[in-house]
Amino acid sequence: MARADLLKKIFSSYKTEDKESFLKAANEIIEDERKKNHGTLADELQAIISNGSLFPKKGMSSYIPVKQKGKENDVALFEIIYPDKMLSDVILSSENEQQIEQIIREYSNWDVLISNGVTPMRRVLFYGPPGCGKTLTAKAIASEIGLPLVYVRFDAVVSSYLGETAGNIRKIFDFVNGDSYVMLFDEFDAIARSRNDQYEHGEIKRVVNTFLQQIDNFNGRSLVIAATNFEKSLDYAIWRRFDCTLKFDMPTNNEQIRLFNLRLKQFKGAENIVLEFAEHLKNFSHADVEMAAYTVIKQCILDGRRIYTKKDVEKAIVQQEQLVALRKTQYQEEG
């Protein structure tokens with residue numbers, strides 16, 4: 001965190017439109033961050049001063065490929081993302097909302113907790129069915145804390161070469177150790193499956209052991225979030241490494257309606273339209289609700305309208321309901 005005197009200088013110079021003082025204070029903050037070994041943050045701040053805003057326009061996410069590659073392919077092991085979603089964009093159960101607010105509060109008061117001999121929550125596991133908001137919540141946490149999100153790409157991390165996957169995991173932790181991030185291991189079961197699974201080859205044991213060693217030894221000022229749809233496949237030792245575990249369930253009918261209306265908030269429509277179709281939403285995940293809402297939005301935009309109708313909502317929900325039913329049938333056939 002920048003010193004109070006520098007923050008006062010930069011705010012005062014902004015108010016008085018004193019560009020020279022503003023730049024001087026900004027450069028002092030950059031140098032101060034460099035001394036704290038926050039090299040990436042210092043470089044990003046310098047880029048803002050030198051080249052204009054590093055951050056994307058409102059409503060967009062910025063994806064910055066990181067040149068940290070494995071031997072097997074030419075794909076970055078992770079991307080640094082600046083999410084544009086906040087907690088107000090996410091519909092959560094009251095229990096999860098309270099827990100996530102606590103995680104953010106603890107991280108935001110990191111120095112206060114450390115100075116009193118306690119460590120904030122910094123390793124969190126999200127689990128539950130697909131499409132229930134785990135990834136979106138991780139992005140919202142990064143936005144609320146004000147940190148970039150390191151999104152780990154398992155298509156690049158997992159390698160067919162012996163020992164390469166474990167090495168890639170070490171590279172990711174080495175990178176994050178140099179600054180402050182929210183690090184997201186999405187589809188976490190790809191590297192954390194049970195070592196007792198008779199169908200897994202010996203390589204998975206090496207990968208799980210490496211992850212356990214890395215997370216045990218990691219002392220960086222970052223928040224590590226892992227998310228999985230298959231929590232039963234995780235190695236038993238994984239669970240003990242997390243300070244907090246949150247289960248993401250399918251949304252209740254009330255949560256479905258709230259989410260639908262939240263996504264439509266920039267458009268106008270008759271009150272309680274969505275409520276009329278509440279029964280049709282009962283098998284919808286968060287992602288299904290969003291897909292139906294975005295179908296309504298796209299139709300309005302294409303028609304040049306800012307008002308949605310009951311017909312728009314009905315058509316979108318019926319269309320998504322058919323997709324949900326088809327997906328359920330395919331799942332049962334595969335099972």
Side-chain angles (χ1 to χ4, degrees), residues 48 52-64 79-94 96-98 100-101 104 126 129-149 151 182 184 186 227 248-324:
I48 294 172
S53 177
L54 177 69
F55 295 91
K57 294 179 180 179
K58 186 177 181 181
M60 298 178 66
S61 295
S62 173
Y63 290 78
I64 301 179
E79 292 172 322
I80 297 180
I81 305 173
Y82 294 92
D84 63 334
K85 299 297 184 182
M86 306 297 286
L87 276 184
S88 57
D89 296 307
V90 185
I91 297 297
L92 298 163
S93 66
S94 58
N96 281 0
E97 185 175 5
Q98 291 174 11
I100 288 165
E101 287 176 351
I104 293 170
F126 294 165
C132 288
K134 297 182 293 295
T135 303
L136 179 60
T137 301
K139 292 179 178 180
I141 289 173
S143 292
E144 295 285 348
I145 293 175
L147 292 179
L149 179 82
Y151 186 89
V182 171
L184 175 60
D186 210 355
F248 284 69
D249 288 311
M250 291 285 284
T252 64
N253 209 210
N254 176 262
E255 289 167 354
Q256 291 166 333
I257 295 167
R258 285 169 54 207
L259 179 58
F260 209 121
N261 286 325
L262 178 63
R263 293 296 176 258
L264 294 178
K265 66 181 180 180
Q266 294 182 345
F267 290 77
K268 296 180 180 180
E271 189 176 358
N272 294 330
I273 285 181
V274 177
L275 186 60
E276 294 182 36
F277 299 96
E279 184 66 19
H280 293 269
L281 299 173
K282 62 182 181 180
N283 292 320
F284 281 27
S285 67
H286 293 77
D288 292 322
V289 173
E290 289 194 338
M291 187 66 70
Y294 289 139
T295 297
V296 173
I297 291 171
K298 285 187 287 186
Q299 190 60 52
C300 288
I301 292 172
L302 292 173
D303 292 346
R305 296 183 279 125
R306 300 299 299 178
I307 300 176
Y308 58 88
T309 65
K310 180 178 178 179
K311 185 177 180 181
D312 292 325
V313 174
E314 180 180 19
K315 181 179 179 182
I317 290 178
V318 169
Q319 179 179 311
Q320 192 63 31
E321 194 175 24
Q322 292 172 346
L323 291 175
V324 170

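These numbers come from a predicted model, not from an experiment.
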Notebook entry, point to check: Who are the ring pair (Phe, Tyr, Trp, His ring centres under 6.0 Å) partners of Tyr151, not counting sequence neighbours?
Noted result: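 Counting only residues at least two positions away or on another chain, Tyr151 forms no ring pair (Phe, Tyr, Trp, His ring centres under 6.0 Å).
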
If every non-hydrogen atom of [X] is compared with every non-hydrogen atom of [Y], which pair is closest and at what distance?
X: Asp89; Y: Lys265; result: OD1-NZ, 4.1 Å
X: Asp312; Y: Thr309; result: OD2-N, 2.9 Å
X: Cys132; Y: Pro251; result: SG-CD, 4.5 Å
X: His286; Y: Leu259; result: O-CD2, 3.5 Å
X: Ile273; Y: Phe277; result: O-CD1, 3.3 Å

Any chance you could measure [X], atom [atom1], to [Y], atom [atom2], to the nearest 0.5 Å?
X: Asn272; Y: Ile257; atom1: CG; atom2: CD1; result: 9.0 Å
X: Asp288; Y: Leu323; atom1: CG; atom2: CG; result: 8.0 Å
X: Phe126; Y: Asn96; atom1: CZ; atom2: CG; result: 8.0 Å
X: Arg258; Y: Leu262; atom1: CZ; atom2: CG; result: 8.5 Å
X: Gln299; Y: Asp303; atom1: CD; atom2: CG; result: 4.5 Å
X: Arg263; Y: Thr295; atom1: CZ; atom2: OG1; result: 13.5 Å

Side chain of [X], backbone of [Y]: donor and acceptor closer than 3.5 Å?
X: Asn253; Y: Ala278; answer: yes
X: Ser143; Y: Met86; answer: no
X: Lys134; Y: Pro129; answer: yes
X: Arg306; Y: Cys300; answer: no
X: Glu144; Y: Leu87; answer: yes

Answer yes or no: is there a side-chain heavy-atom contact under 4.5 Å between [X] and [Y]?
X: Ile317; Y: Phe260; answer: yes
X: Leu136; Y: Glu290; answer: yes
X: Gln322; Y: Val318; answer: yes

Next item on the list: Count the heavy atoms of every other residue, nucleotide or ligand shown that sit under 6.0 Å from CE of Met250, and state whether that count exceeds 12.
Entry: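 Check passes, neighbour count above 12.
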
Margin query: Can you confirm whether Lys315 is buried at NZ, in the sense that more than 12 heavy atoms of other residues, nucleotides or ligands lie under 6.0 Å from that atom?
Written below: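 No, NZ of Lys315 has 12 or fewer neighbouring heavy atoms, counting only those of other groups under 6.0 Å.
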
Note to self: As a test of understanding, state which of Glu255, Glu321, Gln256 forms a side chain to side chain contact (heavy atoms under 4.5 Å, CB included) with Leu281.
What the structure shows: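 Among Glu255, Glu321, Gln256, the one that satisfies the side chain to side chain contact (heavy atoms under 4.5 Å, CB included) with Leu281 is Gln256.
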
